[in-house]
Amino acid sequence: MQDSPIFLPLREQRERLRAGTLTATALAEAAVAAYHQRGKLDHAYLTWNGEQALAMAKAADAVLAQGGDAGALMGMAVSIKDIYAVIGLPTYAGSSQRLPKRWERPGPVVSALLKQLPSVMGKTHSVEFAFGGLGTNAHWGAPRNPWDIHQHRTPGGSSSGAGVSLVSGTASLAFGTDTAGSVRIPASMTGVVGLKTTAGRWSTEQIVPLSSTLDTPGLLARRVDDIAFAFDALDPGLSCKDNRVPATASLADLTFGVPETFFWDDCSSGIAETVRAAIKQLEAAGARIVTLELPGINDAYELFKLGGVAAPELAAFLKTELPEMIDSLDPNVAARVKAADDMPAWEYVRRRTVLDSLAASAAARMADVDAVLTPTVAITPPTIESLEPDGAYPKANMHALRNTVIANFLGLCALTLPVGKDAAGMPVGLQVLGGPWQDAKLLAIGQAIENELGSGFEILGQPPVVKRG
């Protein structure tokens, strides 16, 4: 499978496209071939756009042949989560109904992408209105985690199809969003890299909202360097030198904080052990490891268990913008939205005030280190069957989100990269937390970690192939 040019590093794709040794058409054709080979079984896409993507690729090749250059991502195969508005493609936001046409007008992030003439392979599945961390969807079904061919395991959510599209070879770059872990959880569970940007750095305009306070656009790819490459191509601060990803850091110059509590609690077998081994390897390579506890962790998690601010903010959006869709919500989503009905205004304001206080304290503490290292997700991807008993889904969902939501509630940027497998043979992610607005620095740190530990497929090998018939 990795013979496909889709799996080449993005920088190498760019060089080959401009040298004429690779074409955008070849990349799109490889993605289409992968879709017909295993993409339908993996179920990553709600809307597949293969034919139009091939047409887009041929147009990009024509521009390249004339010496034109629309941008770094020109001609590359990308997938986009089905809560981004994309011209010419329907938006469902994981719901049972197509959203009004106004949700097909691209916002700043998608516009910045489309100007570079990529091949948009389609829109990937999302948990309904992005409200869930496991990747299930009562309307459309859950994508299959490609690392287990025997059982249907969750791919992580809410960007549930994003990581799967990368592993299955139908895209080289995936766009997701992260409100409590919705980029990092699917990245971790499918063995790829995921970036949660600092809230406010990238616009959320024309991205169907879950939480106007916490929503952040994000990227998934197979390598940290691929995300660094795409980040520099898309970041609105591109013209400012200080906003570009700096040169890869030296581990010997980095200090990592490692909490002793919370993040390591109740980890599935093999997860904590794998992450600790990775941290020891970084220390042996010269990184300085210190104990550091982030402030307000317990307060943040208790607030999250109460519903945070996402539940009331989603309820407000649905009741004012899409009231006709409330009665048909996925039961797992409906229960969390309904819980916000009885919240008084003062409680919402109190929660916002707590978030502001947590973010200020965390920013001060993060100044003591270059980054904080933790396990990304504490549980192995559960099987769909295991979530069916009463109470099983909420418990597993909260467990999956526990480690990632802290970055959102504390106003941090965050990265996850694969570092091995757990006892069930499923991918394990290392979460790297950076201070607010330190996204570019965080990616340079991630590159240093990746250079020492290896990239995903170097560590994990290839996922097994599901044979049809």
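- Taking the charged nitrogens against the carboxylate oxygens, Asp235 and Arg244 have no contact shorter than 4.0 Å, which rules out a salt bridge.
- For residues 103-118, every residue pair satisfying the salt bridge (Lys or Arg N to Asp or Glu O under 4.0 Å) rule, not counting sequence neighbours, is listed here: Arg98-Glu104, Lys101-Glu104.
- Checked against salt bridge (Lys or Arg N to Asp or Glu O under 4.0 Å), Asp341 has the following partners two or more places apart in sequence or in another chain: Lys319.
- The salt bridge (Lys or Arg N to Asp or Glu O under 4.0 Å) pairs that include a residue from residues 405-428 number zero, where partners must be two or more places apart or lie in different chains.
- Annotation: the span from Ile80 atom CD1 to Thr124 atom OG1 amounts to 8.5 Å, rounded to 0.5 Å.
- The side-chain hydrogen bond (donor to acceptor under 3.5 Å, both in side chains) check on Ser160 picks up nothing, with sequence neighbours excluded.
- Not a single ring-ring contact (aromatic ring centres under 6.0 Å, His included) links Trp147 to another residue, sequence neighbours left out.
- Under the salt bridge (Lys or Arg N to Asp or Glu O under 4.0 Å) criterion, Arg223 pairs with Asp226, not counting sequence neighbours.
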Would you tabulate the side-chain donor-acceptor contacts of residues 293-302 under 3.5 Å, counting partners in other chains and residues two or more places apart, or write 'none'?
unit_1	atom_1	unit_2	atom_2	d
Glu293	OE1	Thr261	OG1	3.1
Glu293	OE2	Glu260	N	2.8
Glu302	OE2	Lys305	NZ	2.9

Table please: side-chain donor-acceptor pairs of residues 127-141 below 3.5 Å, with sequence neighbours left out.
unit_1	atom_1	unit_2	atom_2	d
Glu128	OE1	His139	NE2	3.1
Glu128	OE1	Asp330	N	2.5
Glu128	OE2	His139	NE2	3.2
Asn137	OD1	His139	N	2.8
Asn137	OD1	Trp140	N	3.0
Asn137	ND2	Gly94	O	2.8
Asn137	ND2	Ser126	O	3.0
His139	NE2	Ser328	O	3.2
Trp140	NE1	Ser95	O	2.7

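- In this view, Arg153 and Asp148 satisfy the salt bridge (Lys or Arg N to Asp or Glu O under 4.0 Å) rule, not counting sequence neighbours.
- Residues Asp265 and Arg402 are not paired through a salt bridge, judged by the lack of any N-O separation under 4.0 Å between the basic side chain and the carboxylate.
- Arg222 forms no cation-pi arrangement with Phe457, by the criterion of a distance under 6.0 Å to the ring centre and an angle within 45° of the ring axis.
- Annotation: ring-ring contact (aromatic ring centres under 6.0 Å, His included) contacts involving residues 351-376, sequence neighbours excluded, are absent.
- By the 4.5 Å heavy-atom criterion applied to side chains, Pro100 and Leu322 are counted as neighbours.
- Residues passing the salt bridge (Lys or Arg N to Asp or Glu O under 4.0 Å) test with Arg350, sequence neighbours excluded: Glu347.
- Asp82 has a carboxylate O that lies under 4.0 Å from a charged side-chain N of Lys123, or vice versa, which qualifies the two as a salt bridge.
- Relative ring orientation between Tyr35 and Trp48 is described as parallel, the plane-to-plane angle staying below 30° on a 0-90° scale split at 30° and 60°.
- For His399, the ring-ring contact (aromatic ring centres under 6.0 Å, His included) criterion is met by no residue, not counting sequence neighbours.
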